[in-house]
Amino acid sequence: DAWQQVLEQLATLAECERGLLFEVRGGRLARVLAARGIPPDPDGMAAFPGSQGAVARVLASERPVYLSRAGDAAAIGR
């Protein structure tokens with residue numbers, strides 16, 4: 001799928017272990033387009049609190065979020 005290829009290429013360039021590419025409508029996660037290293041459903045994301053925080057930040061700001069270090073993940077939870 002094209003979205004999965006886009007995510008894989010971005011994650012490779014950014015040296016990311018996990019990534020999500022999703023569509024936002026009305027400030028809500030409408031659907032997951034691609035996932036890497038993380039389950040694409042909310043129940044699966046519960047195991048990754050940093051990723052949940054990143055998703056919440058994207059929904060609030062409607063802008064992309066990139067985390068590259070553990071310190072970034074800690075900051076996302078604030």
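- Across all their heavy atoms, Leu20 and Ala35 have their closest contact at CD2-CB, 3.7 Å.
- Side-chain contact between Val32 and Leu21 is absent, with no heavy-atom pair separated by less than 4.5 Å.
- Of all heavy-atom pairs between Leu59 and Arg28, the closest is CD2-C, 3.6 Å.
- To the nearest 0.5 angstrom, Glu8 atom CD is 4.5 Å from Arg36 atom CZ.
- The structure places CG of Leu33 at 9.5 Å from CZ of Phe22, a figure rounded to the nearest 0.5 Å.
- Donor-acceptor pairing under 3.5 Å is lacking for the side chains of Gln5 and Gln9.
- With sequence neighbours excluded, the residues that form a salt bridge (charged side-chain N to carboxylate O under 4.0 Å, His left out) with Glu23 are Arg25, Arg31.
- Contact between Ile38 and Arg18 at its shortest, heavy atoms only, is CB-CD, 4.1 Å.
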